[in-house]
Amino acid sequence: MSAPIVHGGGITAAAATFGGRPEDWLDLSTGINPCPVALPDIPARAWHRLPDRHLIDEARRAARDHYRSGEILPLPVPGTQSVIQLLPRLVEADRLVGGTDNSVAVTDNRVAVTDNRVAVVSPTYGEYARAFASAGFAVDAVDDIAAIGAGHRLAVVVNPNNPDGLIWPAETLIALHDRMKAADGLLVVDEAFGDTDPALSLASRAPQLSNLVIFRSFGKFFGFAGLRLGFAIARSDILARFEDWLGPWAVSGPALSIADSLLRSDVSPIRGRINERCAGLHGVLTGAGLQISGGTALFTLVADARAGDIYTHLCRHHILVRKFDYAPEWLRFGLPPDPAADRRLGEALQRFER
């Protein structure tokens, strides 16, 4: 079993190390909308009863219209992490790799000699490689989709990518899908940060791409990460497997009710607010002399040789950002919720001794 991955959002641990009450910290360590929309009315029966089929169906229809997935009704799941961990079950492992303890070396742009190979365009969200390695697969961490070959039984592309915001054009991903399909493989495209730029999504093309699986996050864009809700878009037999493996009542009635309401709403004000907050963050970072090297509307990546010192300095001011053990020069900044938070971050950065 591989070690747990450290993600953003660890305010409790940061406060235990650097002091202060967790609720007084400014958490910029995630890519979650810091300005959640107003909660819609939730019928009392959604709390009182088990989630009936009609609630699931209504949420699926709302998701279909929001994501523009055509004839495919996206499957609601209890956070996309839940189906990431099911992906190895979609790929039949011929044998364990690396010994009886399921330990697997993740390779960098090179081919392992095994039939149980998957490719993950990297660096990216670490739970994909961890899920497959724990299931006995050889994971090839590739930095370009051109390195994905016929020997890979599944490929993962996060688009736009986390943490650098790299975007792969739709036609490039469709060509990759066709290569994977020709070799009886699957392509997984994680569009967790896709709501801020819907034109990037492959959802509208999914009905014609039979070996494609798309994951969409609900909580990041709407600001409700604690709801633990996402959607999977794929052909019907793949969605049926996910639904069966997740078991009954996997998504709560209140979550389905909220999704049904918000996915049918006008989301342009949400995008506008996110873009406004992103512009505020960029102004603070450039004003502090930091170099922006990537990101999306929901987070910004900074590259700086002093990243470790900046991280510690911000923690001492009770501001948490995301650092990366595999890229010590990187820091990822989530969006401050308002101009006051912009000023707080800016003042802390100005006090950093260069």
Side-chain angles (χ1 to χ4, degrees), residues 8-9 26-42 59 62-69 74 80 158-170 189-204 214-227 229-231 233 255 257-288 290 292-302 319 321-322 332-346:
L26 177 59
D27 186 6
L28 305 181
S29 66
T30 73
I32 299 164
N33 180 0
C35 307
V37 302
L39 274 172
D41 292 335
I42 303 171
R64 174 198 60 196
D65 296 342
H66 178 80
Y67 298 127
R68 302 176 182 177
S69 59
T80 51
V158 179
N159 195 53
N161 190 43
N162 175 18
D164 59 8
L166 179 66
I167 293 171
W168 295 97
V189 178
D190 184 329
E191 296 180 350
F193 294 96
D195 277 282
T196 57
D197 191 353
L200 299 176
S201 178
L202 286 182
S204 65
I214 298 174
F215 292 153
R216 297 295 296 248
S217 168
F218 181 87
K220 290 180 176 63
F221 178 72
F222 289 99
F224 293 130
L227 196 64
L229 178 64
F231 288 88
I233 302 171
S257 176
I258 291 170
D260 182 29
S261 178
L262 292 182
L263 290 173
R264 297 182 191 278
S265 68
D266 178 11
V267 299
S268 56
I270 304 174
R271 290 195 184 102
R273 179 64 170 159
I274 289 172
N275 289 333
E276 174 190 307
R277 291 285 74 237
C278 183
L281 173 62
H282 283 193
V284 170
L285 297 176
T286 56
L290 296 178
I292 295 173
S293 63
T296 71
L298 283 168
F299 62 82
T300 297
L301 187 70
V302 164
I319 299 172
V321 297
R322 177 76 158 87
R332 192 188 67 191
F333 290 75
L335 301 183
D338 50 42
D342 289 344
R343 290 191 294 273
R344 179 177 172 184
L345 173 62

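Sequential numbering from 1 along the given sequence is applied to the chain's residues. In this text, all values refer to a predicted model and were calculated from it rather than measured experimentally.
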Q. Can you list the residues that meet the side-chain hydrogen bond (donor to acceptor under 3.5 Å, both in side chains) rule with N33, with sequence neighbours excluded?
A. none

Q.
Quick one, T80 and F218 - any side-chain contact, counting heavy atoms below 4.5 Å?
A. no

Q. Listed by chain and number, what are the side-chain hydrogen bond (donor to acceptor under 3.5 Å, both in side chains) partners of D41, not counting sequence neighbours?
A. none

Q: Kindly give the heavy-atom pair with the smallest separation between A62 and D260, and that separation in Å.
A: CB-OD1, 3.7 Å

**Q.** Over all atoms of both residues, closest heavy-atom pair of S69 and I233
**A.** CB-CG2, 4.2 Å

Q.
Could you measure the distance from the CZ atom of R271 to the OG1 atom of T196? Nearest 0.5 Å is fine.
A. 8.0 Å

(Q) Taking the side chain as everything from C-beta on, heavy atoms only, tell me whether C278 gets closer than 4.5 Å to L298. (A) no

Q. Nearest 0.5 Å, what's the CG-CD1 distance between D27 and I319?
A. 11.0 Å

Q: Working to the nearest 0.5 Å, report the span between OG of S265 and CD1 of I270.
A: 5.5 Å

Q. Who pairs with P34 by side-chain contact (heavy atoms from CB on, under 4.5 Å), at least two apart in sequence or on another chain?
A. L335, P337

Q | Atom pair CD1/OG of I32 and S217 - distance to nearest 0.5 Å | A | 8.0 Å

Q: Name all residues meeting the side-chain hydrogen bond (donor to acceptor under 3.5 Å, both in side chains) criterion together with T296; count only those two or more places apart in sequence or in a different chain, and write none if there are none.
A: none

Q: Just jot down the ring-ring contact (aromatic ring centres under 6.0 Å, His included) partners of F221, sequence neighbours excluded, or say none.
A: none

**Q.** A38: partners by side-chain contact (heavy atoms from CB on, under 4.5 Å), with sequence neighbours left out
**A.** none

(Q) The criterion is side-chain contact (heavy atoms from CB on, under 4.5 Å); which residues satisfy it with L39, sequence neighbours excluded? (A) F224, I258

(Q) For F299, give me all partners under ring-ring contact (aromatic ring centres under 6.0 Å, His included), at least two apart in sequence or on another chain. (A) F193

Q | Interatomic distance, F333 atom CZ to R322 atom CZ [nearest 0.5 angstrom] | A | 13.5 Å

(Q) Can you list everything that forms a side-chain hydrogen bond (donor to acceptor under 3.5 Å, both in side chains) with R216? Sequence neighbours excluded, please. (A) E191, D195, S201

Q: For D65, enumerate each residue passing the side-chain contact (heavy atoms from CB on, under 4.5 Å) test, keeping only those at least two apart in sequence or located in another chain.
A: R264

**Q.** Nearest heavy-atom neighbours spanning F231 and A59
**A.** CE2-O, 4.2 Å

Q) For the residue pair H282 and T300, what are the closest heavy atoms and their distance? A) NE2-OG1, 2.9 Å

Q | R277/D342 salt bridge by N-O under 4.0 Å criterion | A | yes

Q.
What I'd like to find out is whether the side chain of V321 reaches to under 4.5 Å of the side chain of R332, using heavy atoms alone.
A. no

Q: Indicate yes or no: at least one non-hydrogen side-chain atom of V267 is less than 4.5 angstrom from one of P269.
A: no

Q | Test item: L345 and L281 side chains (from C-beta on) under 4.5 Å apart, heavy atoms | A | yes

Q) Closest approach of P160 and L200, non-hydrogen atoms and distance? A) CD-CD1, 4.2 Å

Q: For N275 and A297, work out which heavy atoms get closest and say how close.
A: OD1-CB, 3.8 Å

Q. In Å and rounded to the nearest 0.5 Å, what is the CG to OH distance from L202 to Y67?
A. 14.5 Å

Q) Can you name the ring-ring contact (aromatic ring centres under 6.0 Å, His included) partners of F215, sequence neighbours left out? A) none

Q: Show the numbers, then the answer: is there a side-chain contact (heavy atoms from CB on, under 4.5 Å) between D190 and N159?
A: CA-CA 6 Å; D190 184 329; N159 195 53; over 6 Å; no

